[in-house]
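Only this structure's heavy atoms are used, side chains among them; waters, hydrogens and symmetry mates stay out.
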Amino acid sequence: MFDSCRLNHRIGRSFAILALASAAASLPCPIMAQNTHLWTQSQFEEFEKGTPQGVAIESDGHLRQGPGLKNLLTTPSTFVWSIAVDKSGVAYLGTGSPATVLRMGSDGKTVTLLETKDVSVQALKVGPDGALYAATLPSGKVYKLNPASTAAQDGEDATVVFDLAKAVDGKSGEAGKADGDKSDGDKPGRESRYIWDLTFDPAGRMYIATGNPAAVYRLDVSKIGAGAEEFFKSDEAHIRCLAWDAKGNLIAGSDGSGLVYRIDEQGKGYVLFEAPRREITAIAVGANGTIYAASVGDKSHNPLPPLPVQGQGSISITIVNPQSLQAANESTTVPEGTEIYAITEGQAPRKLWASKDDVVYALAARADGLIALSGNRGHIYKIQNDGSYSDVGHLDAQQGLCLAVHGDGLLIGAGNTGKLVELGTAEKHEYASDVLDAGAMARFGHIEIEPGSSGYRIFTRTGNIEQPVRGWTEWEPLKDGVVASAPGRFLQWKVALEPNGSVGSVAVNYLPVNAAPVVEELAVVPGARWTPQAPVPGQPTVNISLPSSGSGVTYDSSTSSSTPLQAVKDRTAVTVRWAAHDDNGDDLTYSIFLRGDGESVWRLLKDKITEKAYSFDASLIPDGGYQVKVVASDSPSHTPGDALIGEKVSDRFTVDTTPPLVTMKAELEAIACEHAPCPRGVHVSFDADDAVSPIAHAEYSLDAGPWQFVAPVGGISDSKGEHYELHIPPSSLSAAQDEHLITVRVYDRYDNVGAAKSVVPAGAK
């Protein structure tokens with residue numbers, strides 16, 4: 001959500017205005033609240049932020065009527081990995097977590113045909129014999145099921161027609177009933193095997209795409225007890241997907257190097273294409289013979305670890321996704337989106353479509369375009385042969401995993417949660433935009449629609465909380481092209497499309513209602529002077545922080561209020577620092593006012609300040625208590641009559657630039673002794689008085705020697721007047737001197753220093 005300052009060139013304007021807009025396009029876009037803003041949505045990426053219902057978002061930035069999505073079933077499983085449809089239109093689902101095979105009746109009710117301890121039923125196909133075949137992983141088995149069964153079979157009772165582990169070991173691969181295979185299939189340490197896809201040729205033979213090892217096995221299911229033969233073997237990691245071309249060749253996609261194979265009747269493979277990416281996740285063949293291949297993954301590294309399997313007997317299997325398993329619940333492990341290539345005989349393979357955000361796991365070639373299903377965002381795309389495309393549906397579930405043709409529509413299997421969704425005729429064709437955040441209360445004006453748009457109605461609603469779930473206005477139609485909804489901070493528009501309707505760019509004019517500036521925080525620091533220039537190295541400095549940043553004193557007005565600002569220590573100056581903002585983003589200027597104790601009038605110190613810090617000379621005003629007021633004005637962004645102000649008054653602070661007054665008396669004092677003449681010490685007494693602030697501390701020096709601390713009578717220095725008594729013993733006095741110099745100096749709380757001295761004669765008589 002942002003305020004677009006680019007003019008929409010598709011909105012009808014005069015040539016002169018377009019020329020000015022072109023010249024302004026290279027300039028930065030200032031935020032000035034007195035101007036009307038234009039929020040424009042015209043690009044595919046901008047429309048993608050909205051919510052379509054029966055609306056296709058086209059790559060050229062237009063909205064048109066599209067198919068609708070209907071939720072048919074929510075399963076107990078997390079994923080629907082595979083779908084098969086028989087000749088009568090009955091749908092069968094292969095699920096994962098738990099791994100089951102479900103039959104869905106016309107009434108929407110389901111019957112469980114198979115329950116297994118596997119992780120997923122990865123592939124489902126209805127054979128030419130009318131039986132249903134289900135492939136599971138990581139056990140790597142194909143089960144033959146009776147689709148008309150009314151009782152669920154478990155993995156020990158269903159008929160296993162293919163076992164990849166036995167095929168790899170050189171056995172037939174056909175195992176009869178699974179219960180006879182229990183000791184091998186559930187044995188700890190059994191290596192994981194993968195069956196990714198199934199297909200049948202016109203002769204009724206089944207082809208099985210496997211991983212670990214990567215191969216295609218062929219099985220004649222019409223012959224009872226027939227074993228599977230290794231039809232094609234690859235040095236890749238997995239054969240991921242299968243399809244048939246127009247000439248009856250088997251097309252296979254691999255994981256490892258991203259290869260697309262053409263395999264002839266004799267099982268001889270020819271590489272049609274090597275994708276720049278690692279894995280071919282889906283293949284589809286168009287009516288004209290073009291082969292479409294979706295590729296994902298980075299060849300430079302394998303982002304997923306190998307698949308360890310743990311468990312024994314009835315213990316659930318714990319599995320980490322293998323490198324080729326659709327990362328439906330770990331979509332971030334498949335980087336950099338998807339590329340789809342078109343491979344046409346006699347032509348060089350070409351990149352048809354790419355997305356850095358979507359991971360495509362299923363393709364379907366139809367007369368009206370190639371359907372691509374996003375496995376990580378739940379988007380459904382229709383892609384044309386010229387590379388143009390449209391987003392025709394957003395699944396409520398997070399992932400789209402598989403699809404199957406169902407009459408004139410498509411059935412889609414989804415994950416998180418496991419759902420069956422139909423892509424077909426839409427009941428309504430509406431698109432709700434992203435939410436505009438005006439940044440502050442705003443009034444909304446005309447909505448500009450791209451010329452040439454037709455067959456639509458526009459509605460708006462507004463509110464003052466970001467999510468339009470409660471407390472918003474109802475949808476209201478425009479009145480003469482103007483938003484009829486009440487002013488608010490947030491706005492959303494909706495378009496309803498009629499048959500053959502089309503809408504291009506949509507731009508909303510709005511004017512934020514001016515809000516007064518806010519001075520959030522204010523700190524006043526006597527004894528510090530700030531200038532925009534950095535302090536000279538070696539100068540004593542003071543750090544000024546605002547209250548929310550902690551105590552202290554620190555500065556740099558070009559940084560945030562949480563950053564200390566550095567000032568130079570100077571007892572004759574006072575520095576003021578503040579933080580302020582304007583909800584409209586207006587430019588602000590500041591004025592500083594001063595008021596002393598007992599005064600009622602604020603006196604201007606400085607106006608038209610653009611920084612958020614200011615220092616003034618404390619020596620120009622009498623000592624005493626004061627307050628500062630900072631006034632922020634948005635006048636640079638408004639006409640004088642519309643400008644607003646905000647202000648904040650500081651806590652009381654003290655200005656004290658006058659040193660304490662020191663009065664001193666020093667005299668010799670007699671020291672009792674047995675023999676005359678007796679040595680004599682020095683008794684010093686002095687008083688320190690300050691008119692404004694308490695005395696901080698005092699020091700004395702004997703004969704220009706080092707300064708030494710002296711405590712006041714009573715021990716605590718906490719008053720504006722303090723009395724001191726000091727006795728200097730004879731042992732501290734040099735007998736070689738005829739007189740002694742006693743100097744005292746006293747500091748008040750603001751580092752003002754007063755001094756006095758006294759001279760006394762040498763001490764023995």
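- Among pairs with a residue in residues 97-111, those fulfilling side-chain hydrogen bond (donor to acceptor under 3.5 Å, both in side chains) read T95-T100, at least two apart in sequence or across chains.
- Of the possible donor and acceptor atoms, none in the side chain of E58 sits under 3.5 Å from a partner among the backbone N and O of R64.
- Side chains of S234 and S254: no donor on one and acceptor on the other come within 3.5 Å.
- Between the side chains of S355 and D357, no donor N or O sits under 3.5 Å from an acceptor N or O.
- One distance of note links NE2 of H429 with CD of E498; it measures 11.0 Å at 0.5 Å rounding.
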task = Apply side chain to side chain donor-acceptor pair (under 3.5 Å) to the pair Y381 and D358, showing each step before the final yes or no.
result = CA-CA 10 Å; Y381 297 96; D358 294 275; 2.8 Å; yes
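- With no hydrogens or angles considered, a side-chain donor-acceptor pair links D86 and Y92 at under 3.5 Å.
- For an aromatic pair to be called close, the ring centres must be under 6.0 Å apart, and Y292 with Y341 fails this.
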- Go through the steps to decide whether S82 and Q122 satisfy the test side chain to side chain donor-acceptor pair (under 3.5 Å), and finish with yes or no. CA-CA 6 Å; S82 50; Q122 191 65 32; over 6 Å; no
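- The only option from W244, W196, F200 that meets the ring-ring contact (aromatic ring centres under 6.0 Å, His included) definition with Y207 turns out to be W244.
- Judged by distance alone, the side chain of D197 and the main-chain N or O of L242 form a donor-acceptor pair under 3.5 Å.
- H238 and E279 form no side-chain donor-acceptor contact under 3.5 Å, judged by distance and modelled atom types alone.
- How far CG of L72 is from CD1 of I412: 10.0 Å, rounded to the nearest 0.5 Å.
- No side-chain donor-acceptor contact under 3.5 Å links D118 and S120.
- Checked against side chain to side chain donor-acceptor pair (under 3.5 Å), D368 has the following partners two or more places apart in sequence or in another chain: R366, K382.
- Q65 places no side-chain N or O within donor-acceptor distance of the main-chain N or O of G501, the cut-off being under 3.5 Å.
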